[in-house]
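One structure is given below, encoded as structure tokens.
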Amino acid sequence: MEIITVELLDRQYTITIGDGAWDQALACAEMYDKVFLITDENVAGLYGSQFSYPQYVMTPGEEGKTMETALAILDEMVRHSLTRNSLVLALGGGVVGDVAGFCGSVYMRGIDYVQIPTTLLAQVDSSIGGKTGVNTVYGKNLIGTFHQPQGVYIDPAVLNTLPKKEVVNGLGEVIKYGIIGDPDFFEYLKNHLHELLELKPQVVFDVLCQCCSIKAQIVAEDEKDQGERKILNFGHTIGHALEAVTEYKGYTHGEAVLIGMLYEARLANALGLLPGYGYEEIREVLETFDLNWSIQHLPEEAIFHVMMQDKKNCDGQISFILPIQPGQVQEMLLTPEQMRRWWRRIVS
Ligand code: GLY
């Protein structure tokens with residue numbers, strides 16, 4: 001069992017990784033007057049019986065990540081008479097975690113919640129760091145709060161029930177950690193990617209520990225996403241645009257991030273920030289995945305339009321987090337005109 005501490009400005013919490021992590025979540029729940037479980041139909045079918053609490057079971061998928069769902073959950077929380085000393089348990093992937101965290105953050109002006117992530121993406125990224133939210137018709141996560149969980153409890157064994165596409169979805173974020181923050185981890189991933197895809201238990205455990213500790217460090221440095229935390233967005237400026245122009249049906253988030261990382265590495269190379277051998281190293285790792293890497297066919301103007309709305313942008317310039325070598329990134333701002341010029345070069 002590995003315990004990683006997330007240091008916040010006013011408190012700390014732990015990420016518990018290993019067999020038996022869920023027992024610790026249940027022990028933590030004992031400290032509250034009432035517990036309310038939020039999950040989705042897929043996860044409830046697999047693991048719901050391990051939790052004998054009142055529960056709200058969401059329809060799986062991004063479509064359920066709405067204010068309407070949050071209001072329905074909050075009504076149920078009122079109906080079950082949850083108090084300020086009650087706990088929300090978020091059992092599921094990123095959507096469940098974000099919605100449950102959001103409900104926890106606004107119920108009676110904020111009650112405690114813990115994350116029990118069941119997808120690789122949620123285990124290495126979304127369950128850590130307190131970003132909560134729902135989507136609106138205008139975009140993803142436009143309504144939300146920062147509300148840090150009381151703890152994150154990760155049982156790696158649950159990944160064995162994930163479809164392969166979901167594993168690849170999480171691996172986009174895993175590889176991102178190697179490129180943004182740790183050259184040794186990038187090297188490790190290069191050598192163990194196939195074992196990771198096969199979910200070899202020791203490799204999965206090591207990778208979870210490494211990713212969670214990188215994320216914990218970044219969150220500790222920049223809890224409210226004002227600076228350093230931006231580096232988590234490597235691959236996301238282009239990745240988000242690909243997701244949006246294909247109406248979130250063309251790619252999973254992780255696939256879009258994998259493709260986004262390739263083209264952002266290409267951009268870094270074209271701009272002279274990333275040497276050719278560094279680019280080749282990144283490209284080789286990314287191209288282990290069997291994806292449709294070509295994005296030439298996608299509507300350019302629609303892609304630019306989405307990139308111009310990116311939350312990280314500054315003074316009308318588009319923000320890119322670009323690698324300068326595997327393990328290190330820097331922010332680069334490009335005007336829309338500069339972006340248009342470079343785009344032709346990187347997609348061809
Ligand atoms: N998933 C990005 C962040 O936590 O900041």
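Values reported hereafter were calculated over all heavy atoms of this structure, with side chains retained and with hydrogens, waters and symmetry mates removed. Both counts, for ligands and for their atoms, begin at 1 and track the order of listing.
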field: Candidate pair Phe146 and Asp225, rule side-chain contact (heavy atoms from CB on, under 4.5 Å), full reasoning
entry: CA-CA 9 Å; Phe146 282 101; Asp225 205 5; 3.8 Å; yes
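More than 12 heavy atoms of other residues, nucleotides or ligands sit less than 6.0 Å from atom NE2 of His297.
Set against the non-hydrogen atoms of Lys131, the atoms of ligand 1 under 4.0 Å away are 2 (C), 3 (C), 4 (O), 5 (O).
At least one heavy atom of Lys215 sits less than 4.0 Å from an atom of ligand 1.
Under the 4.0 Å criterion applied to side-chain N and carboxylate O atoms, Glu300 and Arg344 are assigned as salt-bridge partners.
Of the listed options Val124, Asp125, Val219, Ile218, Asp125 places a heavy atom closest to atom 1 (N) of ligand 1.
Not one N or O of Asp225 is nearer than 3.5 Å to an N or O of ligand 1, by distance alone.
Ring pair Tyr113/His147 is parallel by interplanar angle, where below 30° counts as parallel and above 60° as perpendicular.
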